[in-house]
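Read the structure below first, then the notes.
Below, all heavy atoms of this structure are taken into account, side chains as well, without hydrogens, waters or symmetry copies. On a predicted model such as this, the values are computed, not experimentally measured, just so you know.
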Amino acid sequence: MGKLTTHVLDTANGCPAAGVKIHLYRCANDGTRTLIKTATTNHDGRCDQPLLTDGELEVGSWELVFHMGAYFWSKGNPNIVSDPPFLDLIPILFGVADPHAHYHVPLLASPWSYSTYRGS
């Protein structure tokens, strides 16, 4: 059953990143983006429901945008975030080749760096 999921880990504080706003876009070949969904991470840094489920997940290019600047500002530690933040909106562009597969796109982030991978 095809689906798209994500989770966010706060590597600066060593915890799941709760309350992170996420935008999911469908990217067209001409570079235009269409906002498909907005979600917010729960106490475990995950979304309560998959971002896309079978039938919604399509072959093509997608983008997740994580609002990490606002998240780190909400933590209230002025020693780890600048104004403006070094990393504010973190975009992850990825491709879907098999709409029946599970695509899990996690984000590990601090105010200064981030990484991602295709999870399971």
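G45 approaches P16 most closely through the heavy-atom pair N-CB, 3.6 Å. Annotation for M68 and A109: closest pair CE-CB, 3.8 Å, computed over non-hydrogen atoms. Residues L51 and E56 approach most closely at O-OE1, 4.4 Å, considering heavy atoms. Minimum interatomic distance between P99 and E58 (heavy atoms only, all atoms of both residues): CB-CA, 4.3 Å.
In this structure, SG in C15 is found 8.5 Å from CG in L9, a value given to the nearest 0.5 Å. Here the CG-CZ distance, from D88 to F72, works out to 11.5 Å after rounding to the nearest 0.5 Å. For the atom pair CG (L35) and NE2 (H23), the distance works out to 6.0 Å, reported to the nearest 0.5 Å. Rounded to the nearest 0.5 angstrom, L24 CG and I36 CD1 are separated by 6.5 Å. To the nearest 0.5 Å, the span separating CG on D54 from CG on L4 amounts to 12.5 Å. In this structure, the separation between OG1 on T11 and CH2 on W112 is 8.5 Å, given to the nearest 0.5 Å.
Side-chain N/O atoms of Y71 and D10 include a donor and acceptor closer than 3.5 Å. Side chains of H102 and T5: a donor on one and an acceptor on the other come within 3.5 Å.
The backbone N or O of C47 sits nowhere less than 3.5 Å from a side-chain atom of T41 that would complete a donor-acceptor pair. Checking side-chain atoms of Y103 against main-chain N and O of A97 turns up a donor-acceptor pair under 3.5 Å. The backbone N or O of T32 sits less than 3.5 Å from a side-chain atom of D30, completing a donor-acceptor pair.
If you chain together hydrophobic residues whose side chains sit under 4.5 Å apart, W62 and L93 never meet in one group. A single hydrophobic cluster is seen to contain both W73 and I22, as judged by linkage of ILVMFWY side chains at heavy-atom distances under 4.5 Å, directly or through other members. Placement of V105 and V20 within a single hydrophobic cluster is found when ILVMFWY residues are connected by side-chain heavy-atom separations under 4.5 Å, directly or transitively. A continuous path of ILVMFWY side-chain contacts below 4.5 Å connects F66 to L87, so both sit in one hydrophobic cluster. There is no path of hydrophobic side-chain contacts, each under 4.5 Å, that joins L89 to L64.
Annotation: D83, atom CG; neighbour count of heavy atoms from other residues, nucleotides and ligands within 6.0 Å is above 12. Within a 6.0 Å radius of CZ in F94, more than 12 heavy atoms belonging to other residues, nucleotides or ligands are found. K21 NZ: 12 or fewer foreign heavy atoms inside a 6.0 Å radius.
Side-chain contact check for H7 versus L108: every heavy-atom pair is 4.5 Å or farther apart. Residues Y117 and P106 are in side-chain contact: their nearest non-hydrogen atoms beyond the backbone lie under 4.5 Å apart. Counting heavy atoms from C-beta on, the side chains of Y25 and V65 come closer than 4.5 Å.
Using a 4.0 Å cut-off between charged nitrogen and carboxylate oxygen, R26 and E63 do not count as a salt-bridge pair.
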